[in-house]
Number of protein chains: 4
Amino acid sequence: MAQLRADARRNRERILAAAEEVFAERGASASTEEVAARAGVAIGTVFRHFPTKDDLLAAIFKALLARLVSEAGELAGSGDPKTALFAFFTRVVEAAAARRTVAELLTGGGADLRLGGALRALDEPLGTLLRRAQEAGAVREDVRLEEVRALLAAASQAALLAGWTPELQDRTLEIIFRGCRP
Amino acid sequence: MAQLRADARRNRERILAAAEEVFAERGASASTEEVAARAGVAIGTVFRHFPTKDDLLAAIFKALLARLVSEAGELAGSGDPKTALFAFFTRVVEAAAARRTVAELLTGGGADLRLGGALRALDEPLGTLLRRAQEAGAVREDVRLEEVRALLAAASQAALLAGWTPELQDRTLEIIFRGCRP
Amino acid sequence: MAQLRADARRNRERILAAAEEVFAERGASASTEEVAARAGVAIGTVFRHFPTKDDLLAAIFKALLARLVSEAGELAGSGDPKTALFAFFTRVVEAAAARRTVAELLTGGGADLRLGGALRALDEPLGTLLRRAQEAGAVREDVRLEEVRALLAAASQAALLAGWTPELQDRTLEIIFRGCRP
Amino acid sequence: MAQLRADARRNRERILAAAEEVFAERGASASTEEVAARAGVAIGTVFRHFPTKDDLLAAIFKALLARLVSEAGELAGSGDPKTALFAFFTRVVEAAAARRTVAELLTGGGADLRLGGALRALDEPLGTLLRRAQEAGAVREDVRLEEVRALLAAASQAALLAGWTPELQDRTLEIIFRGCRP
DNA sequence: CATGAATGAGCCTTCATTCAT
DNA sequence: GATGAATGAAGGCTCATTCAT
């Protein structure tokens, strides 16, 4: 991956972009062929870059994860500790409503990710957000990272539901947040 | 279905049992062939009883739904209004933790069920439980059925997560319940 | 077949009747199960009377053939030699228009029939009709049984065509008949 | 289809050739698997070239139809009006004697073809041949395209008959032709 | 004998993956 | 490195035929 030819890198990125779109719409069960088509490359090219469909999924999940981690990190660094955790939570659920992949990631989509526990990468910034919120008195002391993680995954899944609307999202998350407050 | 021969009924039940197991483990995407194998039956037999894979899934989902509806009804009839809603909620999540199918049902698994809106069958008892809880002052007035439904589906999905334990379940549900209380 | 119990004979006939209907409508590729259903018996009963689907078809074809043979015989015995051949020809085509089976029979539907050459049973009365017609000067001398047979099969097939109407039938057969006249 | 790779075109043609053979022998109900086997190709390859069995059949029928249309056109353009219609008729029946598919085409084999009415493509040249023949006084005025079409289909079916020989063909067609003459 | 459930080979179709070009 | 054709293992489903009841 270090010494990629220019066109190879270009292709790799086009494939990733296409895959993100396709999997966001159709879920992880979408066909690799459609990814190739949307990327405007041949199927073989996809498999050259990602020897397995799982590899492709893992790459996407990893990128997604990285983005979430970084967003969480930013909020942890700069935001108001009292609201940052909930703001992040909301952002993730919003993202999930738009892309199936987010929910799938949080539920343990990419086998590799789950096995490698890479998902735990989110734990650090999430833990920080939680701790800060607790120190600021915005979240009860007895709420642990584990529950937050579970609730995040759960809410992201719920965002995929049929009648999901921004309004329903507000009301649902408000219940969860209220349950976290002292 | 009323006057089935003894061996036919036996097989029908074996198939349903096998299907419940298989789908509980592998989800609705498990193969009909595996169901047949686990039931100790030829593939044709499965299709004789359930002409379509969807029919088989629908049968299972319907049974599941009926069980949930009846449990909710019982709690609505006899239980303490203050706790019945939460008790039911907990039971569903517990069931989901044991069988993938519950979560899939709540998310809109069986095409027939979703289309027919049969899932709405759960709305009635659930609505009753909610109303009673609110009348008893155990749940805030502004919590609506829609949110409860969403949270139920969400929590059931979460129960499928990797590190899910009874203890985590308690802590997670407690947050949701607390968010519902006045 | 000699010492059949009363109910057995009754069933045998019901099956034959049903099969005639079903195959007439859907052709020889109709399913045995539908025959059983229409006969109001269980599938096993069909197979007890006709160990093979082909046996059932053969039975029907044989009955059909017998009917045709007898009709031809009657016409040969009583009718006006000048028109009897053409009258028979027309009757067969009319029958074919109403029942797929006639055409299939004439084309060699039932394997057994074709192999056993039972179809040749029609040759005798048909030959008589032809000879009489020729003796009466209604058909050219150089027309042989073989051609008549072929034309009969052909016209019967044609009767199954999409746009077939009585009018078209008249016009088409008139051409064939004209070709046969001196 | 224009810029197919060499091996792909080779396979496409092998498949078509094999299909033509197989369907010619066994009729349209022959299995795709056998086509693949005879073509020396995996089953997936057949479906890559023809996404559906019907597509494959349609391709064959279309090619067949095109061949017939072009032959008719040639005869209409160059041949002796007095004999061209009969010559074409004979050629079609000859082809049918060799390949089941011709008869099936004329009878309305390929779903797509029948629905799309593509078969009517044959009507134009056939109509021309008929008109020319009538103008040349070789065919009676009251013979219409419809009858010719029906007789063509009928004779093609007949060509599939068991005892069909070139000699029988001549005698049979001669009767039909004679019936058409003034 | 009748019943109808069970069987299982066979069909069409999809899709991840490989490999010749 | 890219291409896209070929592969073949499943998967869902049908139906003639068998056999326990």
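Throughout, protein chains are lettered first and strands after them, A, B, ... in sequence-line order, and every chain is numbered starting at 1.
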Closer than 4.0 Å, any side-chain N/O of A:N11 to the OP1 or OP2 of F:dA2?
yes
Could you tell me whether the side chain of D:E104 and the main chain of D:A28 form a donor-acceptor pair under 3.5 Å?
yes
So how far is it from C:H49 NE2 to C:N11 CG, rounded to the nearest 0.5 Å?
5.0 Å
Taken to the nearest whole Å, CD/A:E34 to P/E:dT14 is 14 Å
Should C:H49 be listed as having a side-chain N or O under 4.0 Å from OP1 or OP2 of E:dA2?
yes
Classify every nucleotide of nucleotides 14-21 of chain F by which part a protein heavy atom approaches to under 4.0 Å, writing B for the base, S for the sugar-phosphate alone and - for neither, in 5'-to-3' order.
B-SBB---
Separation of B:R14 atom CZ from E:dA5 atom C1', in whole Å?
13 Å
Option from B:R100, B:R67, B:R14, B:K62 for which salt bridge (charged side-chain N to carboxylate O under 4.0 Å, His left out) with B:E20 holds:
B:R67
Return the value, rounded to whole Å, for the distance between atom CZ of B:R26 and atom P of F:dA10.
13 Å
Quick one: B:L56 CG to F:dC13 P, roughly how many Å, whole number?
10 Å
Whole-Å distance, D:F50 CZ to E:dC12 C1', equals 16 Å
Pairing partner of E:dT3 (Watson-Crick or G-U wobble, both distances under 3.5 Å)
F:dA20
Quick check: do A:L65 and A:L105 have side-chain heavy atoms less than 4.5 Å from each other?
yes
Tell me whether A:E13 is salt-bridged to A:R9, with the criterion being a basic N under 4.0 Å from an acidic carboxylate O.
no
If you compare every side-chain N and O of D:T45 against the phosphate oxygens of F:dA5 (OP1, OP2), does one of them come in below 4.0 Å?
no
For DNA chain F, whose closest nucleotide is more 5', that of D:V46 or that of A:R48?
A:R48
Side chains of D:L57 and D:F61, heavy atoms from C-beta outward: is any pair under 4.5 Å?
yes
